[in-house]
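These notes are about the structure you will find just below.
Worth knowing before you read on, the calculation uses all heavy atoms, side chains too, and leaves out hydrogens, waters and symmetry mates.
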Amino acid sequence: MNIQAEPTAPRGGQPETVTATDRLQAVAAGRDVPSEVHPEVLEATPVLEIDRFNLWYGGKQALHGITMPIPNNKVTALIGPSGCGKSTLLRSVNRLNDLVQSVRITGDMRLNGDSIYDPRMDVIELRKRMGMVFQKPNPFPMSIYENVVYALRIDGENNRAALDEVCELSLRGAALWDEVKDRLHDSAIGLSGGQQQRLCIARAIAAEPEVLLLDEPCSALDPIATGKVEDLIQELRGRYSVLIVTHNMQQASRTSDYTAFMYLGRLIEYGTTSGIFTKPILRETEAYVTGRFG
Amino acid sequence: MNSDRQRPRRMRSSYSSLTAHGEPWVWLTGGALALAIMMITGLLAFIAIRGASTFWPVPLELVELADGRRALGEVSEKEEAEAATAAVTGRSARRLVRTANFEVSGKHYEWFDDAAIAEVSRPEWATALERLEGGRFHGFPVRLLHGDEVIAVGPEETWKAFEREHPAVRRRWREVMRIDRHDRGRLQRDLRAARLAVVQAGLDAGTAAANSASVSAAQAAAAATEQEVIARVNGRSAELDAQTAALRRQNEGWGLEVETADGIKKILPLEGIVRAWQPNRLSTAGKLGVYAGRWQEFLTDDPREANSAGGVFPAIWGTVSMTLIMALLVAPFGVLAALYLREYASRGPVTTAVRIAINNLAGVPSIVYGAFGLGFFCYALGGSIDELFFRASLVADKQPTFGTGGLLWASLTLALLTLPVVIVATEEALSAVPNSMREGSYACGAGKWQTIRRIVLPRALPGIMTGLILAMARGAGEVAPLMLVGVKKLALDLPIDGTFPFVHPEREFMHLAYLIYDVGFQSPNSQAAKPMVFTITFLLVAIIALLNVAAIWLRSRLKRRYVSQQF
């Protein structure tokens, strides 16, 4: 960890109670630090509300009282150094962390008003309302076509026409249709890395998810493939609510509407992307987004 | 002093650079691999060469001894005289000759000291005759006879006449055999079924005394059916008798007079001669013909003479069907067990203990599985099946149906034996499926079983196939447990054949691995059986290799379809 202790003047008329180093050091020391949430975020209609969410892996707390609304039909980026809990938070949204033994949580999240962690919530039904794309492309060992319609297949949909339609729409939505329309029934394994990742996005949007979770979708891709996936995220904006975890600051600034900066399991600052990147409230956020620490 | 201290340091540095470069380890590991490959290829080449050369027609040599005795045979072994031991043992160079003609000389093979041999030659008309009974006969053709009629005289004429007449005689003989075994066998089975139906009706009457009227009616019906069947069988038997008698009459009287090297003449019935060849006259093409013919007989015919001659077709059939049934049985069991262990069972001491127990199961001697199979499958399970469904046979013939060794029980026993191999391999294959695939499926809203069935199993299939290949190779080569649960020295009724219901899992069967033991160590004519042992071993190895190649081909196809090349 390398913290730049550069004294800069506070701005925006906000009362500066702690200095840059102070706040991060306080987090490192385990003290509670309030999140700075820009007012614009609160004005937007949320699709997903995270409410005082805590998560422990065994005895180790990984998320500390995260409270943040995710705006509807917007792209929200989660940034922060490695191990800050971005991916854990993302995996908590569709309860993939349930698969890990020894995970314990308090607090709640609400998807369009439905409590995600309600004991009566059917996890499988819940996951059908979301789509997720992982760090490494993980096409299933089947044809391109079957990959895309997987979510419908497991729901028992066997109507050929309906499946064909969803397949084409999703592949078009993922900007992959023109590349694969002639070999839909070939194995998905034969696609390139970038195509595989876009296939995974097509698979994730096939079931019309209420929120799309992207977990560092470009970290295993080369720059050209990354560019295509980023263009795709741009296109998805406005049609889907996207929550994207990224390591790449340029990516966050290019693709997202809102950005949240996390550090060691805590939400430090959350606002519009332009706000976070151009006039952050906290010096720590500025230090991170300008690459001076992290 | 200073130079003294420098030397050990240099030694050490050169040593450390040696380990750093790793040259000795390359040699060590490479050497170990080379040694292993040499041993394996050496063994396989030995088996292949000895096994493939069994049927090659070897020249017949006429050995004339100094004391005037003569013998005709194939030289099967030569021993050099060793100067050092010759003085002590008094043994000079000698050769082992397959003299055949057991009924004349009382032996199949004889050693001749080179010192006692006056002359060795390869007479043109020397003939080797393979017979149905009594082993080989070596001699010179003299006359071909048909009853009192002499068809041909002199070696050349006789041989020509023999080659002309022999195929027809053999064809008639085979037809007789087919009628006796196949058609009569069917009649016997019909007869037995009708008889057992009567017994069964009697048994039903004993248990259901309540409405005796209908029961006694059933009994009467069964008895009537039996009479009908008996009448039909008798009629058909008479027909068959007439057919076989006619064929036998045609074959009667055909004989080949052969003179042995010692000048003894014998008339051999033509229908008892399986094959005859004159190796000293044969061209290479002719030899190839004899070679191919003997291979064909070996692969497609039933065994003769206590399995030491003839073919091994029933054993091939038994081995392949048993191995395939075993694979069909062990695959679902093993895969399901491994699925539970890997995908459902929570990790803990119990799971670990179960896993260790399964691994240890692979180390239990196979004969123990045989004893278990005999006690549990044959006696307990088979016995109950007999009690429930085949009581008539048990009461009337005192003959168990399922309550004894058979194909099904042998396959089950071997499935049990190979279960640990499949479970361990499947578990490895399942754990090699990347977790990201499972998560991707869960994220799409799939349940656990949907994920396993659609994602995990297809992806793990090549690895599961590897386990099955190993299990099949192990199962096909196993002998000890099979001796207890259904493999017999001779079982000509195939467990899968054309008679209803086509699959007879209760039948005893023959197995190549057991045949190796039987022919090699239980044969009365062990010298003659020795080459057969190599041939059967060669065949067994080839069949296992063939099964494996088929499975590997399937696996590579699955791999291409399901397993991604990681980038």
Under 6.0 Å from the [atom1] atom of [X], do we count more than 12 heavy atoms belonging to anything else shown?
X        : atom1 : value
B/Trp317 : CH2   : no
B/Phe333 : CZ    : no
B/Arg557 : CZ    : no

Looking only at non-hydrogen atoms, find the nearest pair between [X] and [Y] and report the distance.
X        : Y        : answer
B/Gln450 : A/Tyr150 : O-OH, 4.0 Å
B/Ala443 : A/Met132 : CB-CB, 3.8 Å
A/Ala151 : B/Cys444 : CB-O, 3.9 Å

Does a side-chain heavy-atom distance below 4.5 Å link B/Met437 with A/Pro141?
-> yes
Is the closest side-chain heavy-atom distance between B/Ser346 and A/Gln101 below 4.5 Å?
-> yes
In terms of heavy-atom pairs under 4.5 Å, which option from A/Val123, A/Asn138, A/Asp186, A/Ile154 contacts chain B the most?
->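 Option with the greatest count: A/Ile154.
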Under 4.5 Å heavy-atom distance to chain B, tell me which part of [X] shows up: side chain, backbone, both or neither.
X        : answer
A/Glu125 : neither
A/Arg153 : both
A/Ile124 : both

Please look at B/Arg454 and chain A and tell me whether the side chain, the backbone, both or neither of the residue comes under 4.5 angstrom of a heavy atom of that chain.
->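 The answer is both parts of B/Arg454.
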Spacing of B/Glu439 atom CD and A/Asn94 atom CG [to the nearest 0.5 Å] |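 Rounded to the nearest 0.5 Å, the CD-CG separation comes to 9.0 Å.
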